[in-house]
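Only heavy atoms go into these numbers, but all of them, side chains included; no hydrogens, no water, no symmetry mates. Below, read A as the first sequence line, B as the second, and so on, with proteins coming before strands; counting in each chain starts at 1.
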Protein chains: 2
Amino acid sequence: MRENKTDRRIQRTRRLLGDALLALIEEKGYAAITVQDILDRANLGRSTFYMHYRDKDDLLVSEFDHFKELFEHFESQPSAKGRHLQSSEYSPSLAFFRHAGGQHRLYKALMGKRGGETVHKLLYPYISDLMKTHLEKFIPDSKNSAVPREVAIHFFISSFLTLLTWWLDHDMPYTAERMDQIFQTLTLSGFNSALGIRLTHR
Amino acid sequence: MRENKTDRRIQRTRRLLGDALLALIEEKGYAAITVQDILDRANLGRSTFYMHYRDKDDLLVSEFDHFKELFEHFESQPSAKGRHLQSSEYSPSLAFFRHAGGQHRLYKALMGKRGGETVHKLLYPYISDLMKTHLEKFIPDSKNSAVPREVAIHFFISSFLTLLTWWLDHDMPYTAERMDQIFQTLTLSGFNSALGIRLTHR
DNA sequence: TAGATAATGAACATCATGTTCATTTTCAAT
DNA sequence: ATTGAAAATGAACATGATGTTCATTATCTA
């Protein structure tokens with residue numbers, strides 16, 4: 001079958017472009033990268049790029065999609081490395097920290113400082129959805145909490161992203177487990193007193 | 001004296017450019033703005049812009065400097081509106097929330113989502129310095145805290161910026177005092193258990 | 001009124017973007 | 001091995017933003 005081979009050829013080109021992008025993000029930051037930089041790095045012709053992607057952002061988005069696939073695959077391993085998926089104790093934050101530990105390069109390029117705004121605009125809603133689903137279980141409907149529910153959730157998600165980014169930008173000086181524990185220590189009691197609930201703090 | 005008049009003329013031009021920039025940031029976000037946009041909005045000639053600023057970023061930085069001047073002036077009013085400067089209870093976060101309330105436009109353009117990365121790179125160190133000075137007083141040297149001091153401080157400052165940004169982007173649905181209280185509720189207990197100290201929570 | 005300084009806008013060189021197209025490479029099918 | 005379809009190529013091009021230059025005009029002080 002031709003299709004398989006052709007696909008492989010296309011995938012190879014795309015991977016070259018994606019790898020070049022990731023490497024360049026680490027070197028000079030996303031904003032400073034030009035399409036020509038990517039082409040030079042990947043040793044590909046100009047029109048090749050536009051054959052696969054609309055523009056620089058489109059390539060970045062496809063790298064982000066790649067990250068999502070990897071993460072979701074990682075998550076779907078029932079208990080591969082992770083005894084972290086036992087229903088009641090499942091914590092999306094720990095899953096992210098763990099996965100990031102194994103996918104240093106991709107995570108650092110996308111979520112580190114040098115990744116830039118575009119990624120953040122994709123990342124926030126993605127993590128937000130995951131966390132919200134998780135949090136919904138714990139948050140009561142109480143109207144008279146000390147802090148508006150919306151603000152507390154935003155705080156919680158932003159704190160996680162802040163710490164993940166910090167960790168990656170500092171070359172992961174602590175284990176994923178320690179980072180998650182730090183995250184929980186910093187946010188959980190505030191989150192609890194804000195909403196008048198108690199999340200289990202492992 | 002000639003200087004006064006000339007200065008006034010220059011200042012007028014600069015203000016036109018700055019105002020145009022701020023308005024455009026609110027409309028389309030900093031990244032999407034072109035120098036020509038600013039010129040059209042301000043009704044000025046192309047070369048006039050480059051007579052005053054090196055590039056778009058230079059103009060933005062000067063707006064940021066303007067913000068700092070305003071804030072420092074606001075802070076130096078011994079007790080203008082604020083009984084918020086009584087030494088022991090002084091809180092930089094409340095000062096910011098209050099000042100932002102009175103300078104909605106400038107703050108929203110600079111610190112809101114649409115302000116972009118450049119401002120954040122200026123803003124973080126600025127707020128960081130202010131807060132650190134404030135925090136130093138409370139943080140002991142203890143080496144065996146639950147969370148590395150560096151991480152806790154980063155968390156604290158980032159949380160503040162996150163909430164300030166959220167507040168501005170949502171058109172300040174709460175008073176400055178309420179926002180500061182929210183900020184303290186969300187962060188202080190975590191910060192305390194992280195470092196094993198107790199900040200006074202007004 | 002004269003002299004100095006600021007503002008102007010047209011023209012220009014440079015650079016990145018995204019498109020087009022004729023040509024070449026690659027590979028599966030025969 | 002040959003062929004034909006899909007993919008890769010790179011030169012050429014149009015467009016639009018950037019930042020500079022300069023001769024001219026406007027503005028204000030002395």
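The backbone N or O of B:Ala176 sits nowhere less than 3.5 Å from a side-chain atom of B:Arg98 that would complete a donor-acceptor pair. Panel note: side chain A:Asp37, backbone A:Thr34; a donor-acceptor pair is recorded below 3.5 Å.
Side-chain nitrogen and oxygen atoms of B:His52 include at least one within less than 4.0 Å of the OP1 or OP2 phosphate oxygen of C:dA7. Between B:Thr48 and the phosphate of C:dA6, there is no side-chain N or O to OP1/OP2 separation shorter than 4.0 Å. Dashed line: the shortest gap from a side-chain N or O of A:Tyr50 to OP1 or OP2 of C:dG18 is under 4.0 Å.
In this structure, the CD1 atom of A:Ile10 is 12 Å from the C1' atom of C:dT26, given to the nearest Å. Atoms CG (B:Asp40) and P (D:dG16) sit 14 Å apart, rounded to a whole Å. Protein atom CZ of B:Phe49 is 16 Å distant from nucleotide atom P of D:dT21, rounded to whole Å. Between the NZ atom of B:Lys56 and the P atom of D:dT18 there is a distance of 7 Å, given to the nearest Å. If you take CE of A:Met51 and P of D:dG10, they are 13 Å apart, rounded to a whole angstrom. Rounded to whole angstrom, the span from the CZ atom of A:Arg9 across to the C1' atom of C:dT24 amounts to 11 Å. When rounded to the nearest whole Å, the span between CG of B:Leu44 and P of D:dT25 equals 20 Å. Rounded to whole angstrom, the span from the CG atom of A:Leu59 across to the C1' atom of C:dG18 amounts to 15 Å.
By the 30° and 60° cut-offs, the orientation of the rings of B:Phe183 relative to B:Phe160 is perpendicular.
For the segment residues 19-35 of chain A, the set of residues with a heavy atom within less than 4.0 Å of an atom of DNA chain D is empty.
In summary, the side chains of B:Tyr50 and B:Asp58 do not present any donor paired with an acceptor at a separation below 3.5 Å, with no hydrogens or angles considered.
When the options B:Leu24, B:Thr118, B:Val119 are evaluated for a side chain to side chain contact (heavy atoms under 4.5 Å, CB included) with B:Tyr30, the one that passes is B:Thr118.
Along DNA chain C, the nucleotide nearest A:Gln36 and the nucleotide nearest A:Ser47 are compared for position; the residue whose nucleotide lies closer to the 5' end is A:Gln36.
B:Arg46 contributes a side-chain N or O that forms a donor-acceptor pair with the base of D:dG19 under 3.5 Å.
Here A:Lys108 pairs with A:Asp171 in a salt bridge; the nearest charged N to carboxylate O distance falls below 4.0 Å.
Taking the six-membered ring wherever Trp is involved, the centroid distance between the rings of B:Phe155 and B:Phe191 does not fall below 6.0 Å.
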